[in-house]
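What follows is a single structure, written as structure tokens, with notes after it.
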Amino acid sequence: MSLDFDNVSFKYPRGGHGVDAVTLAAQPGELLAVMGRSGSGKSTLLRLAAGLLDGYDGRIAIGGDDMAGVPVWRREVGMVFQQYALFPHLSVVENVAYGLRMRGVPAAQRRVHALEMLERVGLSSHADRGTTMLSGGQQQRVALARALVIAPRVLLLDEPLAALDAGIRHQLRDLIRALQRASGATTLLVTHDQEEALSMADRVAVVDGGRVLQVDTPCNLYERPVSAQVARFVGHSTILPGRIRAKDMVDVGFALLNVDTGIRRIGDDVELLLRPEHIQPDPPVGTANRIDGALGEIRYFGATQRYDFLPNGSSQPLLCEGRLLPTSSIAIDPRHLVTLNATPDTQSIPLPNGEPECLQS
Ligand code: ADP
Ligand code: MG
């Protein structure tokens with residue numbers, strides 16, 4: 001079942017911007033992450049899909065059917081929220097069976113289905129216990145089982161892992177992804193956590209101020225963001241203001257850098273996106289985009305180190321990452337520098353550098 005937002009706008013009666021002219025389509029079976037900072041409009045989108053908010057402009061459709069006027073319980077959506085929101089007076093298995101009870105499934109059959117779901121989230125041994133003694137991670141697994149037991153057409157997850165510790169969070173990422181794949185439910189995963197979005201989703205929609213900035217695969221989003229604004233949301237980066245001096249040659253003040261400038265003109269102001277891992281420490285003389293300077297702050301992470309490198313003649317450090325530290329120079333591979341327009345349009349614009357070069361696959 002596809003889930004479509006077509007030019008959807010919603011404003012809260014009192015205050016908040018809600019969402020503004022959102023067009024977004026989740027394909028059948030797709031896990032589409034909606035990523036953005038707090039207050040960007042993520043939950044509003046989810047509530048709209050669920051049917052929890054009235055009075056929006058535009059069209060929302062599930063499986064091609066317009067959802068205008070269709071109540072929550074008729075939409076066949078499963079929902080999981082950050083707060084586990086289990087029914088405290090019901091046992092674990094009764095919680096999971098709740099949606100089936102609402103749909104009039106006979107008691108014996110409900111229990112069988114609910115136990116089956118509990119098995120899949122690894123909690124069948126807790127079936128007849130209360131929910132109040134469960135850990136956060138266990139409660140969220142119950143919530144997930146409860147959402148999936150009705151075989152929803154659409155699964156809506158609102159920051160389902162945000163309240164959990166890192167270890168549990170990582171385990172649950174894999175579990176959610178596996179269950180989502182098995183169920184085939186088209187899924188909207190709301191998260192402010194970019195690692196979560198990139199690692200779990202088929203595609204990611206980056207939202208800010210109620211608007212969608214870019215919808216793309218995790219790889220394209222990271223390698224070819226359409227604007228500096230998106231680049232800042234996704235991964236670590238250094239963004240260098242500069243001006244095109246010649247074809248594929250950008251002046252960033254402390255250096256002339258070789259980079260694909262696409263169809264832009266000489267004299268255009270641009271911003272260059274540099275990812276920390278695309279740095280070569282102490283390159284041989286003659287290497288493209290070799291920059292002399294000094295090593296700054298170093299942060300050790302075990303498998304890698306993230307450090308600042310201050311180019312001679314610059315006050316803006318470059319954020320770099322790698323196991324080996326440079327002594328007095330680095331090089332930036334031109335293939336991994338991305339040219340962005342200096343005044344980014346916030347709507348999707350054609351990729352300036354031609355086909356994205358996705359190095360992942
Ligand atoms: P997110 O989930 O990305 O943190 P929300 O979708 O909850 O953001 O909120 C988007 C905007 O709408 C914010 O500016 C927020 O303040 C506002 N907003 C959210 N819920 C309400 C509400 N019930 N009443 C008024 N404004 C709201
Ligand atoms: Mg929210």
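Quick note: numbers below take in every heavy atom, side chains included, and nothing from hydrogens, waters or symmetry partners. Read the numbers this way: they start at 1 and go in the same order the structure lists the ligands and their atoms. Quick caveat: nothing in here was measured; it's all calculated off a predicted structure. Numbering starts at 1 and runs along the sequence shown.
The nearest non-hydrogen atom to atom 25 (C) of ligand 1, considering only Arg14, His17, Lys11, comes from Arg14.
Per-residue contacts place Ser40 under 4.0 angstrom from the following atoms of ligand 1 (heavy atoms of the residue considered): 1 (P), 3 (O), 8 (O). The distance from ligand 1 to the heavy atoms of Gly18 drops below 4.0 Å at these ligand atoms: 11 (C), 12 (O). Near Thr44, meaning under 4.0 Å from one of its heavy atoms, ligand 1 places the atoms 5 (P), 6 (O), 9 (O), 10 (C). Remark: ligand 1 atoms within the under-4.0 Å shell around heavy atoms of Ser38 are 4 (O).
Applying the salt bridge (Lys or Arg N to Asp or Glu O under 4.0 Å) rule to pairs touching residues 115-144 yields Arg111-Asp128, sequence neighbours excluded.
Ligand 1 lies less than 4.0 angstrom from a heavy atom belonging to Arg37. Ligand 1 has at least one atom lying under 4.0 Å from a heavy atom of Gly39. Taking 4.0 Å as the cut-off, Arg47 counts as a neighbour of ligand 1 on heavy-atom distance.
Here the rule is side chain to side chain contact (heavy atoms under 4.5 Å, CB included) with Gln139, and of Val92, Leu144, Leu86, Asn95 only Leu86 fits it. Evaluated for a side chain to side chain contact (heavy atoms under 4.5 Å, CB included) with Leu156, the options Leu188, Val80, Leu189 yield exactly one hit, Leu188.
A salt bridge links Arg173 with Glu195: at least one charged nitrogen is closer than 4.0 Å to a carboxylate oxygen. A salt bridge does not link Arg243 to Asp268: none of the charged side-chain nitrogens sits closer than 4.0 Å to a carboxylate oxygen. In summary, Arg59 and Asp4 do not engage in a salt bridge, as defined by a charged side-chain N under 4.0 Å from a carboxylate O.
By the neighbour-count criterion of 12 heavy atoms within 6.0 Å, atom CE of Met133 is sparsely surrounded, having that number or fewer from other residues, nucleotides or ligands.
Between the side chains of Thr327 and Asp282, a donor-acceptor pair is found at a separation under 3.5 Å.
Between Leu257 atom CG and Ile291 atom CD1 the span is 5.0 Å, to the nearest 0.5 Å.
Between Leu221 and Val206 the shortest side-chain heavy-atom distance falls below 4.5 Å. Between Pro326 and Gln280 the shortest side-chain heavy-atom distance does not fall below 4.5 Å.
Counting protein heavy atoms only, atom 27 (C) of ligand 1 is closest to Tyr12 CD1, 3.3 Å. Closest protein heavy atom to atom 3 (O) of ligand 1: Lys42 NZ, 2.8 Å. Scanning all protein heavy atoms for the shortest distance to atom 16 (O) of ligand 1 gives Gly16 CA, 4.3 Å.
Around the Mg ion (ligand 2), the protein contributes the following N, O or S atoms under 2.8 Å, ordered by chain and number: Ser43 OG.
Between Gly15 and ligand 1, no pair of N/O atoms sits closer than 3.5 Å.
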